J.: 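What follows is a structure written as structure tokens; I'll ask about it next.
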Amino acid sequence: MSFKQMVRTRFAPSPTGFLHIGGARTALFSWAYARKHHGKFILRIEDTDIARSTPEAVQAILDGMAWLGLKEDEGPFYQMQRIYRYKEVIQQMLDAGSAYYCYISPEELEQMRAAQMEAGLKPRYDGTWRPEPGKELPTPPSGVQPVVRFRNPKVGDVAWDDQVKGRIVISNTELDDFIIARADGTPTYNFCVVVDDWDMGITHVIRGDDHVNNTPRQINLLHALGATVPQYAHLSMILGDDGQKLSKRHGAVSVMQYHEEGYLPEAVLNYLARLGWSHGDDEVFSMAQFCEWFDLDHITPSAAQFNTEKLRWLNAHYIKQADLGTLAADVKQRLNAMAIAVTSEQPALEDVIALYRERVHTLVELAESVAYFYRKPLIDEAAKEKHLTPDILPVLNALAAALADTEWSAEAIHAAIDHAVQSNGLKFPKVAMPLRVLITGGAQSPSIDAVMALLGKTEVLTRIGEGL
RNA sequence: GUCCCCAUCGUCUAGAGGCCUAGGACACCUCCCUUUCACGGAGGCGACCGGGGUUCGAAUCCCCGUGGGGACGCCA
């Protein structure tokens with residue numbers, strides 16, 4: 001058997017909220033697997049829950065995927081547009097006897113479940129309306145719209161070799177006849193997934209761990225339909241920084257929130273790639289490299305805790321590597337949002353960023369630390385009090401005067417400061433620190449001469465003058 | 001309650017019976033660099049959940065326990 005089937009993976013989010021970090025990782029793995037095998041990655045929006053699906057959520061997911069650069073090869077497909085197909089298959093199943101109408105009411109069901117729980121049993125439908133040879137079915141109550149249930153096998157096991165968890169075997173006695181069409185005729189999740197995966201020729205279903213329990217039902221359905229069963233790979237969940245289940249209370253769980261907080265997509269992608277998957281000791285790698293390396297064999301079956309500190313570290317790394325123009329465009333927007341204009345008379349953002357990129361972990365930090373180039377510095381009073389001591393004022397005044405006649409380069413400025421230091425028998429920081437406070441507003445900055453050179457002579461002298 | 005899954009440093013992980021006195025990364029600590037703070041460099045601290053097997057030999061295989069998690073919807 002040398003024939004190898006083309007790999008087709010899919011990401012199938014339900015549009016009931018933004019794209020969260022767990023979904024993003026599932027999408028990334030599915031996408032990478034398709035890339036690795038030169039297959040196709042399909043995006044499918046599972047919007048059959050009319051009550052909870054919203055167009056805004058659809059857009060939020062699309063935005064998140066776009067920001068990460070996870071481009072689908074096919075789709076996006078919308079399940080609501082495929083209703084005709086589901087109804088067609090349901091009718092076929094009804095005709096074939098692999099599905100049947102059930103008239104039990106939601107209230108009765110709830111009672112049944114409660115009683116079963118009470119008795120220590122697994123809650124499940126009791127099969128009242130399931131047709132059996134020689135069985136007399138109750139008379140359908142009038143005025144009740146029935147649901148359609150799948151006639152699940154009663155005996156035997158369902159098993160599959162999960163690509164991350166290994167072989168999983170479930171007894172059919174654990175499963176009940178689940179609903180495939182609601183009373184209003186709309187198909188349900190487990191059914192749509194099966195029909196879609198089948199129709200779309202999905203070969204590898206890579207999805208969250210919470211779907212493990214749905215898998216045996218879906219496999220049974222696939223068998224009833226005579227469809228090929230795909231490979232399954234169930235990814236364990238991602239926990240919050242505190243080890244708790246990820247929820248909206250944890251703050252930045254939306255992928256776009258990371259964008260807002262100043263993370264580069266490269267960093268988020270690289271971080272997510274290493275969360276649950278590994279390639280030896282490799283930590284930092286490009287997506288191209290990831291697509292080459294990615295496989296299902298090195299995915300951990302255990303849950304992973306999100307670690308923002310490591311993401312920050314990776315982000316810092318990617319900020320150092322990033323294209324200056326790209327960073328400048330982003331930082332400019334952030335400055336504008338802070339009501340700070342960047343004009344052509346002011347130092348070029350690229351130059352300023354080049355000076356600062358090695359000292360920050362996020363673009364938010366970058367924008368904030370660079371802001372004083374474009375507006376008056378916010379003076380840190382504690383730093384001012386500490387460094388701007390009365391004894392140094394005369395030295396600074398003299399230095400300001402000397403600076404006025406200094407050629408404006410970092411070297412020349414450094415020489416001027418050095419002269420002030422030497423001729424007064426001081427140490428360099430004694431002069432550099434107060435200068436730093438006056439010019440940048442704080443006690444931390446890159447080399448003060450480099451900062452001064454970039455800021456420009458006029459502005460530097462103004463700031464020294466106003467501060468003294 | 002029932003079923004399913006998981007279990008290596010604080011965190012992410014390497015590890016597929018001997019290469020393990022358990023490796024890497026983040027974080028943390030120390031030192032170096034230094035014009036402050038970072039960056040960077042060099043070190044350091046730090047883990048195989050417990051108990052039974054199997055084996056000449058187990059972090060790796062099996063069983064039990066314990067602890068976590070997930071699922072039991074006319075949600076996806």
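Here is how names work: the chains are called A, B, and so on, in the same order as the sequence lines, proteins then strands, and each is numbered from 1. From a predicted model like this one, the values you see are computed outputs, not experimental measurements.
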J.: For the C1' atoms, the ones on B/G10 and on B/C3, what distance do you get once it is rounded to whole angstrom?
T.: 33 Å

J.: What interatomic distance, in whole Å, is found between C1' of B/G17 and the corresponding atom of B/G69?
T.: 30 Å

J.: Taking B/G68 as the reference, what is the distance to B/C32 when you measure between their C1' atoms (whole Å, please)?
T.: 43 Å

J.: Side chain of A/Pro301, heavy atoms from C-beta onward: which of B/C12, B/A14, B/C6 has the nearest atom to it?
T.: B/C6

J.: Using atom CE of A/Met112 as one end and atom P of B/C72 as the other, report the distance to the nearest whole Å.
T.: 17 Å

J.: Let me confirm one number: the CG-CH2 distance from A/Leu68 to A/Trp31, rounded to the nearest 0.5 Å.
T.: 10.0 Å

J.: Nearest to the A/Glu283 side chain among B/A76, B/C6, B/A25, which nucleotide is it?
T.: B/A25

J.: For A/Pro123, report the nucleic acid contact type (base, sugar-phosphate, nothing); a contact means any heavy atom under 4.0 Å.
T.: base

J.: For B/C5 and B/A16, measure between their P atoms and round to the nearest Å.
T.: 24 Å

J.: Rounded to the nearest angstrom, tell me the gap between atom CG in A/Asn214 and atom C1' in B/C3.
T.: 13 Å

J.: Give, for atom CG of A/Asp380 and atom CD of A/Glu385, the distance between the pair rounded to the nearest 0.5 Å.
T.: 10.5 Å

J.: Could you tell me how far apart A/Lys122 (NZ) and B/C3 (C1') are, to the nearest whole angstrom?
T.: 4 Å

J.: Taking the six-membered ring for Trp, are A/Trp293 and A/Phe285 ring centroids under 6.0 Å apart?
T.: yes

J.: Atom CG of A/Asp295 to atom P of B/U13: distance rounded to whole Å?
T.: 15 Å

J.: Looking for any heavy atom pair under 4.0 Å, which part of the strands does A/Pro13 touch: base, sugar-phosphate only, or nothing?
T.: nothing

J.: For a quick test of reading the model: is some side-chain N or O of A/Lys386 closer than 4.0 Å to OP1 or OP2 of B/U36?
T.: no

J.: Quick check on RNA chain B: between A/Asp184 and A/Ile168, whose nearest nucleotide comes earlier from the 5' end?
T.: A/Ile168

J.: Consider the side chain of A/Ala183, meaning its heavy atoms from C-beta on, and name the nucleotide among B/A25, B/C5, B/C74 that approaches it most closely.
T.: B/C74

J.: Measuring only the P atom in each nucleotide, how far is B/G44 from B/A25? A whole number of Å is fine.
T.: 12 Å

J.: Give a yes or no on whether A/His419 atom NE2 has more than 12 heavy-atom contacts from other residues, nucleotides or ligands under 6.0 Å away.
T.: no

J.: Expressed in whole Å, how much space separates the C1' atoms belonging to B/G46 and B/U30?
T.: 15 Å

J.: With a 4.0 Å cut-off on heavy atoms, is A/His211 in touch with a base, just the backbone sugar-phosphate, or nothing at all?
T.: base

J.: Give A/Ile170 one of three labels, base, sugar-phosphate or nothing, depending on what nucleic acid heavy atoms sit under 4.0 Å from its own.
T.: sugar-phosphate

J.: Figure out the CD/C1' separation between A/Gln444 and B/C39, and round it to whole Å.
T.: 14 Å

J.: Contact class for A/Ile319 (heavy atom, under 4.0 Å): base, sugar-phosphate, or nothing?
T.: nothing

J.: Using atom CD1 of A/Ile448 as one end and atom C1' of B/A38 as the other, report the distance to the nearest whole Å.
T.: 15 Å

J.: Remember a base hit wins even if backbone is also touched, and classify A/Ser236 as base, sugar-phosphate or nothing at under 4.0 Å, heavy atoms.
T.: nothing

J.: Taking pairing as Watson-Crick or G-U wobble with both contacts under 3.5 Å, can you name the mate of B/G1, or confirm there isn't one?
T.: B/C72

J.: Does A/Lys320 NZ have over 12 foreign heavy atoms under 6.0 Å away?
T.: yes

J.: Side chain of A/Trp313 only, please: which of B/A27, B/A76, B/C12 is the nearest?
T.: B/A27

J.: Look through every strand shown and name the nucleotide pairing with B/C19 as Watson-Crick or G-U wobble, where both distances are under 3.5 Å.
T.: none

J.: Give the C-alpha distance, both sets of side-chain angles, the deciding distance and a yes or no for side chain to side chain contact (heavy atoms under 4.5 Å, CB included) between A/Phe11 and A/Leu28.
T.: CA-CA 9 Å; A/Phe11 176 54; A/Leu28 171 64; over 6 Å; no

J.: Report the base-pairing partner of B/G67 (Watson-Crick or G-U wobble, both distances below 3.5 angstrom), or none.
T.: B/C6

J.: With a 4.0 Å cut-off on heavy atoms, is A/Ser447 in touch with a base, just the backbone sugar-phosphate, or nothing at all?
T.: base

J.: Measure from the side-chain heavy atoms of A/Leu109 and tell me the nearest of B/C74, B/C6, B/G24.
T.: B/C74

J.: Taking A/Arg113 first and then A/Glu110, would you say they form a salt bridge - that is, a charged N and a carboxylate O separated by under 4.0 Å?
T.: no

J.: With rounding to whole Å, what would you report as the distance between B/U13 and B/C20 at their C1' atoms?
T.: 16 Å

J.: Among B/C74, B/C6, B/G24, which nucleotide sits nearest the side chain of A/Asp281?
T.: B/G24

J.: Could you say whether A/Met433 or A/Thr300 is positioned toward the 5' end of RNA chain B, judged by the nucleotide with the nearest heavy atom to each?
T.: A/Thr300

J.: Of the candidate nucleotides B/C74, B/A71, B/G1, which contains the atom at the shortest distance from the side chain of A/Met117?
T.: B/G1

J.: When you get a sec, tell me which of B/C3, B/C74, B/U11 is the closest nucleotide to the side chain of A/Asn307?
T.: B/U11

J.: Between P on B/U11 and CZ on A/Arg274, what's the gap in Å once rounded to a whole number?
T.: 15 Å

J.: Rounded to whole Å, please give me the gap between CD1 in A/Ile439 and C1' in B/U36.
T.: 13 Å

J.: Could A/Arg82 and A/Asp199 be called an ion pair, given the rule that one side-chain N must be under 4.0 Å from one carboxylate O?
T.: yes

J.: What's the closest nucleotide to the A/Asn190 side chain, out of B/A76, B/C74, B/C26?
T.: B/A76

J.: How many angstroms lie between atom CG of A/Asp196 and atom CD of A/Gln79, to the nearest 0.5 angstrom?
T.: 4.5 Å

J.: What's A/Lys320 touching, base or sugar-phosphate or nothing? Going by heavy atoms closer than 4.0 Å.
T.: sugar-phosphate

J.: Just to confirm, is there a sub-4.0 Å distance from OP1 or OP2 of B/G73 to any side-chain nitrogen or oxygen of A/Arg113?
T.: yes

J.: Give A/Gly276 one of three labels, base, sugar-phosphate or nothing, depending on what nucleic acid heavy atoms sit under 4.0 Å from its own.
T.: sugar-phosphate

J.: Using both distances under 3.5 Å as the test, list the Watson-Crick or G-U wobble partner of B/G57, or none.
T.: none

J.: Of the options B/A25, B/G15, B/C12, whose atoms approach the side-chain atoms of A/Ala304 most closely?
T.: B/C12

J.: Is the phosphate of B/A76, meaning OP1 or OP2, less than 4.0 Å from a side-chain N or O of A/Ser53?
T.: no

J.: Does A/His234 reach a base, just sugar-phosphate, or nothing at all? Heavy atoms under 4.0 Å.
T.: nothing

J.: Determine the Euclidean distance between corresponding P atoms of B/G70 and B/G57; express it in Å to zero decimal places.
T.: 40 Å

